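Report on the structure given below.
If you're wondering where the values come from, they're calculated on a predicted model, not measured in any experiment.
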Amino acid sequence: MDKRTDEEKLAIKSLHNFIQFFNEKDKDKILNSLHYPHMAQSENNEPKIYANKEEMWGYIGFLLKKLETEENWHETTLDKVEVINCSENAIQCNVEFNRRYENKESFAKAVGIWTATKKQGKWGLQLRTMIPVSGKIS
């Protein structure tokens with residue numbers, strides 16, 4: 001029996017939506033699935049704060065091109081979402097994602113903590129911290 005609240009399910013869905021829209025390379029849906037300012041941090045890199053959609057697309061648009069042209073990326077899968085903490089307007093999840101080739105083989109894997117927030121009645125991913133555990137995560 002699933003004991004998650006409807007709000008918790010919506011929050012978790014917002015993480016999956018981000019990955020789905022990323023795979024679809026749908027600029028508007030990607031940007032609308034995030035809340036701003038949006039913070040991302042990976043391994044020992046300095047945290048990067050994207051103030052708005054334009055700044056965020058500057059990075060994500062570049063990343064999508066790099067993944068396709070340099071890494072033969074086909075899709076990213078969100079393979080683990082485990083709730084760590086949850087409140088009325090925020091959820092923190094332990095996540096695992098993989099970058100995959102067309103044959104579904106993983107060429108890079110990362111784990112991290114993602115935080116989704118509820119703003120103006122809508123859940124969106126707002127904070128991502130990741131640590132690569134295999135391969136290279138751009």
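- Linking ILVMFWY side-chain heavy atoms closer than 4.5 Å, directly or via other members, places L78 and V83 in a single hydrophobic cluster.
- Atom-to-atom distance recorded for Y50:OH and L34:CG is 11.0 Å, nearest 0.5 angstrom.
- F62 and F21 fall into different hydrophobic clusters, where Ile, Leu, Val, Met, Phe, Trp and Tyr residues are linked whenever their side-chain heavy atoms come under 4.5 Å apart, directly or through other members.
- Panel note: side chain H35, backbone K122; a donor-acceptor pair is recorded below 3.5 Å.
- Using a 4.5 Å cut-off on side-chain heavy atoms (C-beta onward), Q92 and C86 make no contact.
- The CD1 atom of I60 lies 6.5 Å from the CZ atom of F22; values are rounded to the nearest 0.5 Å.
- The shortest heavy-atom contact between S14 and A11 is OG-O, 2.5 Å.
- Residues passing the side chain to side chain contact (heavy atoms under 4.5 Å, CB included) test with T129 are M39, Q41, I113, L127, sequence neighbours excluded.
- L10 and I84 fall into different hydrophobic clusters, where Ile, Leu, Val, Met, Phe, Trp and Tyr are joined by side-chain heavy atoms under 4.5 Å apart, directly or via other members.
- In this structure, R99 and T76 have side chains that are in contact, with non-hydrogen atoms separated by less than 4.5 Å.
- A salt bridge is absent between E70 and K65: the closest approach of a Lys/Arg side-chain nitrogen to an acidic carboxylate oxygen does not fall below 4.0 angstrom.
- One N or O on the side chain of H38 and one on the backbone of L125 form a donor-acceptor pair closer than 3.5 Å.
- Between K118 and E7 there is a salt bridge, with a side-chain nitrogen of the basic residue lying less than 4.0 Å from a carboxylate oxygen of the acidic one.
- The aromatic rings of W114 and F97 sit tilted relative to each other, their planes meeting at an angle between 30° and 60°.
- The main-chain N or O of R100 is never found under 3.5 Å from a side-chain atom of N98 such that the two would form a donor-acceptor pair.
- Rounding to the nearest 0.5 Å gives a distance of 5.5 Å between CG of L64 and CH2 of W73.
- Judged as a side-chain hydrogen bond (donor to acceptor under 3.5 Å, both in side chains), the pairs with a partner in residues 22-31 (not counting sequence neighbours) are, in order, Q20-E24, K25-E68.
- One distance of note links OG1 of T77 with CD of E96; it measures 8.0 Å at 0.5 Å rounding.
- Expressed to the nearest 0.5 Å, how far CH2 of W57 lies from CG of L63 amounts to 9.5 Å.
- Residues passing the side chain to side chain contact (heavy atoms under 4.5 Å, CB included) test with S87 are A90, sequence neighbours excluded.
- Atom CG in N45 sits 9.0 Å away from atom CE in M130 (nearest 0.5 Å).
- A donor-acceptor pair under 3.5 Å is formed between the side chain of Y36 and the backbone N or O of L31.
- Of all non-hydrogen atoms in W123 and A116, the two that sit nearest each other are CZ3-O, 3.6 Å.
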